[in-house]
Amino acid sequence: MIFALILGFALLLIGIYGMLSQRNLIKIVISFSIADTGTHIIIVAIGYLRGRTAPILDKAIDIANATHKVVDPIPSALVLTAIVIGLAVTALMLSFIIELYKKKKSLSIDDYQELKW
Amino acid sequence: MIKKIFVALAIFGLFSIFLPIMINFDFHQNLSELSTQYVKGSVEDLNSQNVVTSVIVTYRGLDTLGEVTVLFLATAGIGFLLKKRKGKKRVASELLQTSSSFLSVVIIMFGIFIFSHGHLTPGGGFQGGVMIASAFLLLMLSDVNLELNHTILQFIESLSGAFYVVVGLIGLVLTIGFLNSKIIPLGEYGNLFSAGAIPLIYSFVGLKVGSELTNILDAMGGD
Amino acid sequence: MVNPIFILILSLAAGFLLSIFEKGGRKLSLTVFYGVLSFNVFVIAEWFYRIVFLSEPALIINTAGFTAPLSINLRLGLQESFVLLFTNFTGLMAAIYLFRKFIKSHISSLILYLILIMGINGLVMTRDLFNMFVFMEIVSISTYALTILTKTRDSLTAGFKYMIAGGTASIFFLLGVVFVYYFTGNLNLDFITQSDFSHFGLISLFLLAMAVFIELKPFPANGWALDVYQSVNSGITSVIAVVNSAGIFFVFYKISPLLPVHLLHILGIAGVITFFFSNLMGLKQTNAKRLLGYSSIGQIGLLVASLSFTIHYQTSLIYLIVGGFFVNHLIAKAGLFWLTGIVEKENLKDWGVLKNNKSLLILFGVLLFALSGLPPFPGFWAKWEFIKILTQTKMFWVVGTILLGSLFEIIFLFRWFTIAVKGDIDSNEKEIPFEFSKLFPIALFSGIILLISVAIMKSYYDFTLIQLLPIIAVLGVYLLDFIPSKIKGFLSLIVVGIYGYYLYPFESNLQLFFGIIFIVGSAINIIGTLNRKNLSQGFYGFLLMMIFSFGNLIIAKTYLEFFLAWEFMTISSFVLILRGNKAQMASLMYMIFSTAGAYLMMVGFSYAPALNSNSVLINSIANVQLPVLSIILLAIGFMIKSGSFGVHIWLPEAHAEAESDVSPFISAILLKAGVFGLLMIGISYIKNTPSFDVFYFVGWFGVITALVGAFLASFQEDAKRLLAYSSMSQVGYIVASIAILSHLGWLSAMYLSFNHMMFKSALFIAIAGVYYRTHTRTMYEMGGLIKKMPLSYITVLISIIAVSGVPPLSGFGAKWLIYSSFIEKGWYFQAGVLFFSSGVSFLYLYRLIHTIFLGQLKYEHQDIKEAPIWFIIPQYIFMAGIMAISMNPNLIIQPLNSIVGHYFQSAILIDGYNITSSLGNWNGNLVMMVTMGVFIVPLLFLKLYNGKTQKVEQFNIVYAAERPESPQTTHIAHNMYAHYRKALGGWGKPRIWNFWHEATEWSHSFGDFFRHIYTGNGQTYILHIILYIVVIYIILGV
Amino acid sequence: MISTIIIILGIIMIVAGIIAVHLKNLLAAIIVSGAISLLASIIYLILGSPDVAMTEASIGAGLTTIVFLFALNKARKEDKND
């Protein structure tokens, strides 16, 4: 599905743009999760086959002919994993932010530049 | 200002990398050979209706084990990072506590339903696990005392993970491969007790994910 | 024989259950933790043994009861088992290092650590791309969380930057994986080949490769990594820099067969650029861990480059090159990171504390030398073979960049080393606490890297014991270091004697000649070291190492053997020089120039055609047509060692600042190694004359060196510096006469070499004796010592006559031969310059003897005695040699004539005591007789007719007015030749010194400039990453 | 039909994305990004991946949003404590 693909890339770019332009730490993580969502949409879009249904072979689908009836299950499986991993990373990032905030009371990434050169 | 220009350049550059993909993209008309085998195999070899579940739990079981581990790591990391502080408790109304307790039991039941039917219907261990976690979230938000449940949660988390590994090990002991779901009879197609060890594994995944997510929420939401 | 999948399963299960074990106490969980880590090592070690020694085939492990590509499979072959053994072992060692931390920290840290190691294992073994992504995330997340094992604000900040950078990379990795699936319908590496991709499909590989590449920290998209290295707990840093890097590098290795050649090439070049710039920027670093971070990043860049450039060669050398860089960098880096955790000094300046802790210092030295890519460590062999491949494929830019980067690395690493050995320390500095759990891994790793080095030398190159002798000497003497130094000295003499006897029947007399200079000369000089009183720990080990490398130089049969001996010689002499009291700067300069020379030689040898005989190099090289480039590079390399003009500035420092009994070795013998090298290329040159007359320029350099050295020597106040510049000048003569490439020229070069070895040794030992008594090297602070140290005076007198080339002593013959050869060759102008510099040399020689021995005795020197006997003995052995040659020059001329006759038609006629060349004849005996006569007759006359000499009371000086503040500076001896300096005008300025000083400043400023791209802002770092990907894409498209 | 829905949803999501990135109010930004995930799950459903849709709805839209809110809440609490 080309529109979903374009949507995915658009969200990915928006997310990366946010990561590059926003100073606020939480905003950066939000942008990161938007980019992640974009990536997931891209993956699902790749697996889509026109006019087919979900790869669940219940009574509604003729099992013998199933391979011509369902969309690709692999991207779905991959995305599922990726979503969970995305959550894990996001949560960890946020807890880092909480700790950083405790230390310095600032959410701006510009205030965390002591280490350099 | 210079930075803005560079950001714009970066985004434009990425766009021009992606553009040819979007323009030249040619959707497949048929399943790849691998997917075809998965769709066929899900029925023939594993007796599982949900092909995605077959792929996740069996064919790419190692991924899923890894995925559970990732979540586990995040829990451990967050627990490590945010040491809990004892805060004073607000006392919510009894009505709210009771009703949310009741509601959360219902949600937990629903979660269990989702992960035990992962091979039949959409959803599975992860989605079911989230359900369980959200039940606990409800309890947390309505300030039900969770002190007691902590040890139990930890046990559930540890043991369900360990059992997952053990189920995988059985396959190895029987020399049919790590994480093989045919260690249990495949059952009748379409039944709850079918598809070999898939429901069992997904249940452990569900329990583990549920307790892990609860822990994350607890660590981050706690005072 | 345990199924390797158990190392994943057991770690996972233990990780899941650790929090339950924790209920039974920390002891239980620690037991499980270390038990599992050890189990992993054990299992992998067994598989490694089976695969390597029992040649079992690679093991493929399918999961889920299906074969790949349906299911995910794991592979355990040679490469996997090697990497896994390495990572698991390092992981275990780092865990031991962190033992004290793990006793106290939260249980989660154990879990995270265990699963981190599990993740690396999975990452290495899995063949499935998406599974790789999952394991990569496991590794990343546990690493992110572990960065705050020691929770500071810095480590939190660094951890966060690391997370967003890693998160960005993982998005690209995921995209890459999915597009690979889209284009090939497969996710398993075993079922995907490069041909599955359409041209357009390569985009997926590009994304994949870039994501992995970003994780490998290329310049400039690597600021986040530097912050992590700097701020995170040393134990964890070592894991990140070593175990993680190894795992991710292996991922790169796994996907590299898929990548198109031009992409690999670009990534290789990017790796080289990373190597260059991180070392350049390292120059300016003062923080120890950040410095290691820069070095780490650079080395990974080199590793990537080595893989990218060699993967398409189907030779087993790849294992040596990539494996060598891999092992070398990672082991050394792990050890050094651990050391920073023990020393706990952030600023490099404070590392002087190490000198009070000998065992730590030795470990530091071993690891640092390994990291610098010096032999015998694996990095050296890898670099040698890698440069060889690059040179032969004419990738000179890459070679130059890599070697320049390596040179920068040498500069900052050795600066660090010299600080550790010689740096200042606070007097109230506390001792470094001893913690066994922290020291043990470092010691083990140092031992392992030495073992691997020896294993490579024995198995890959088939070196004999004799080539290993220099290392054995250091290690052996270290074990015997408790013996008093006098006994060690005598033992060394015996050992050198046995070594010389072992070498003795040489293939050619040229070898014999240099054998005498190197081995016999050294042996006599060892006598001078017997004066040492204390234990002199480490001294004799490195002295023997140097002498053995001299010997190995002349019996080398291949370029590599020659170069190996050369490098050993450099290392040992560096350490010997560093022992001097104020030698920190001098030894560093020596090391830098030597390394630069060595790199040029490395390229020169790499570019030279292969040898095809089993003879020694100095013979077989005659059959080889060396390309002009090789000749130029080799000549420069050898001339740096012999202190030629322009690259001489290390020489006076090193010769002067070395301990006084070391200086004769450095000045009289070590310089001859350069002479030997020049003769060696000369031999190839005369048999196969190249199109471009390189030696014409070498000749000019020699002539200028002779002149400049003489001038500079005249202006020195320091006796040893004067002698050092004199050596420079003398070697200039030798180099110039070699460049003549004629019978007379070489004859004089060798004659002078021998002569110089003797008189310069004698002079340095004499000055050593003077210094030993007066504790000063500044000449104007001495005077009148003739009465107190007459024996030393006689040595100096005879030696300077021998140097200056006035009759009757041996130097006269040398000069006669040289001028004859120049005139015969038609280099009249050069001969004139040399003649002039001979005149200049009178100035400094006069100054030497006058200011030290003549004039008035200083008050504070009233009570001093003659130099110790151990200094007198070698002096008089050399005196005897000089006298013998002077009386009968044919003792040496005759054998030299036959040696040189092997290469040129003889141009002289020897008849009794008489030597005839086309320009006249020289009868050494007659000259001696006549001169003695001329000398004795007036002496007798004066004695007879002028017998009454009047004794004047010393210090009988009447001051005209005030007593000057510092009386010495008013003495004639102070700034003796100031008027000549004035006469030189602008020529007297230290231009060369300034040039090198400016070069240093500039490179440091460049380094400083570039490192400012690391603004410290995590967002900028992501911008770097994105722009980096875009730029590589554009380059790829062009 | 499917295309139309995706185009409409897509435009909404892109606009929401831009808004979420630029919003000054963090709470609103979090909510908007949660909404994006929710819409994404509808798209997954349309594209024949109900499993993914469920996961995205529960994890992407649900849990992630809650985790964000918790983090924001914690940061605010820190402010109050001082």
Side-chain angles (χ1 to χ4, degrees), chain A residues 1-3 5-6 8-10 12-14 16-21 42 45-50 52 54-59 61 63-64 66-100 102, chain B residues 3-4 6-8 10-11 14-15 18-19 21-22 25 27-32 34-36 38-40 42-43 48-56 59-60 63-64 66-68 70-75 77-78 80-82 120-122 124 126-127 189-190 209 212-213 216-217 219-220:
Chain A
M1 179 48 62
I2 189 70
F3 298 112
L5 193 73
I6 293 170
F9 277 118
L12 175 59
L13 286 177
I14 291 170
I16 290 176
Y17 168 73
M19 285 173 80
L20 294 178
S21 62
I42 294 170
I46 286 176
Y48 180 71
L49 299 173
R50 187 180 293 277
R52 297 195 179 192
I56 296 174
L57 312 178
D58 51 17
K59 311 226 159 54
I61 292 181
I63 293 174
T67 50
H68 298 291
K69 288 280 158 61
V70 296
V71 302
D72 196 338
I74 294 177
S76 299
L78 303 188
V79 172
L80 227 117
T81 309
I83 290 175
V84 176
I85 290 174
L87 169 70
V89 175
T90 310
L92 199 60
M93 279 183 182
L94 287 171
S95 47
F96 263 80
I97 292 176
I98 293 172
E99 283 300 298
L100 281 173
K102 272 187 197 158
Chain B
K3 191 173 170 183
K4 274 186 183 160
F6 275 117
V7 170
I11 298 298
L14 273 190
F15 176 72
F18 294 146
L19 190 64
I21 304 181
M22 289 187 261
F25 205 82
F27 283 92
H28 292 309
Q29 296 302 314
N30 288 305
L31 290 183
S32 67
L34 192 60
S35 314
T36 313
Y38 281 154
V39 172
K40 282 185 181 154
S42 179
V43 179
S48 159
Q49 285 191 357
N50 189 338
V51 183
V52 177
T53 298
S54 309
V55 174
I56 287 178
Y59 294 113
R60 306 190 62 86
D63 274 352
T64 309
E67 189 182 351
V68 171
V70 168
L71 217 47
F72 176 68
L73 285 173
T75 318
I78 292 169
F80 186 39
L81 203 61
L82 307 171
L120 302 175
T121 56
F126 294 97
Q127 298 86 338
Y189 188 74
V209 170
E212 279 164 355
L213 291 176
I216 292 182
L217 290 174
M220 294 195 68

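Letters go in sequence order (proteins before strands), and every chain restarts at 1.
Using a 4.5 Å heavy-atom cutoff, the side chains of A:Val84 and B:Val70 are not in contact. Put simply, the side chain of A:Leu78 reaches to within 4.5 Å of the side chain of B:Arg60, judged on heavy atoms. With contacts defined as side-chain heavy-atom distances shorter than 4.5 Å, the pair B:Phe25/A:Ile46 qualifies. Side chains of A:Val70 and B:Leu31 form a contact here, defined as non-hydrogen atoms less than 4.5 Å apart.
When each of B:Gln127, B:Lys40, B:Lys3 is scored by its heavy-atom pairs under 4.5 Å with chain A, the top score falls to B:Lys3. For the set B:Ile56, B:Asp63, B:Thr64, the entry with the most heavy-atom pairs within less than 4.5 Å of chain A is B:Ile56. Note: A:Ala91 leads A:Ala82, A:Ala54, A:Ala91 in heavy-atom pairs under 4.5 Å with chain B. Among A:Leu20, A:Val71, A:Leu87, the residue with the largest count of heavy-atom pairs under 4.5 Å with chain B is A:Leu20.
Interatomic distance, A:Leu92 CG to B:Phe80 CZ, rounded to the nearest 0.5 Å: 11.5 Å. Rounded to the nearest 0.5 angstrom, A:Ile83 CD1 and B:Glu67 CD are separated by 9.5 Å. The distance from the CG atom of A:Leu5 to the CE atom of B:Met22 is 7.0 Å, given to the nearest 0.5 Å. Atom-to-atom distance recorded for A:Met19:CE and B:Ile11:CD1 is 10.0 Å, nearest 0.5 angstrom.
Checked options B:Asn50, B:Leu34, B:Val52; the residue passing with A:Pro73 is B:Val52 (criterion: side-chain contact (heavy atoms from CB on, under 4.5 Å)).
With a threshold of 4.5 angstrom between heavy atoms, A:Leu94 approaches chain B through its backbone and through its side chain. Of the atoms belonging to B:Leu73, not a single heavy atom falls under 4.5 Å from chain A. Contact of A:Ile98 with chain B is made through the side chain alone, with heavy-atom distances under 4.5 Å. Using a 4.5 Å cut-off between heavy atoms, B:Gln29 touches chain A through its backbone atoms (N, CA, C, O) alone. Contact annotation for A:Phe9: only side-chain heavy atoms (C-beta onward) come within less than 4.5 Å of a heavy atom of chain B. Looking at A:Tyr48, only its backbone comes within 4.5 Å of chain B, counting heavy atoms on both sides. With a threshold of 4.5 angstrom between heavy atoms, B:Lys4 does not approach chain A through any atom at all. Neither the backbone nor the side chain of A:Ile42 comes within contact range of chain B; no heavy atoms are under 4.5 Å apart. Neither the backbone nor the side chain of A:Val89 comes within contact range of chain B; no heavy atom of the residue lies under 4.5 Å from a heavy atom of that chain. If you measure heavy-atom distances from B:Phe126 to chain A, the contacts under 4.5 Å come from the side chain alone. Only the side chain of B:Ile216 comes within contact range of chain A, judged by heavy atoms closer than 4.5 Å. Neither the backbone nor the side chain of B:Ala8 comes within contact range of chain A; no heavy atoms are under 4.5 Å apart.
Scanning both residues, A:Phe96 and B:Leu81, for their nearest heavy atoms gives N-CD2, 3.5 Å.
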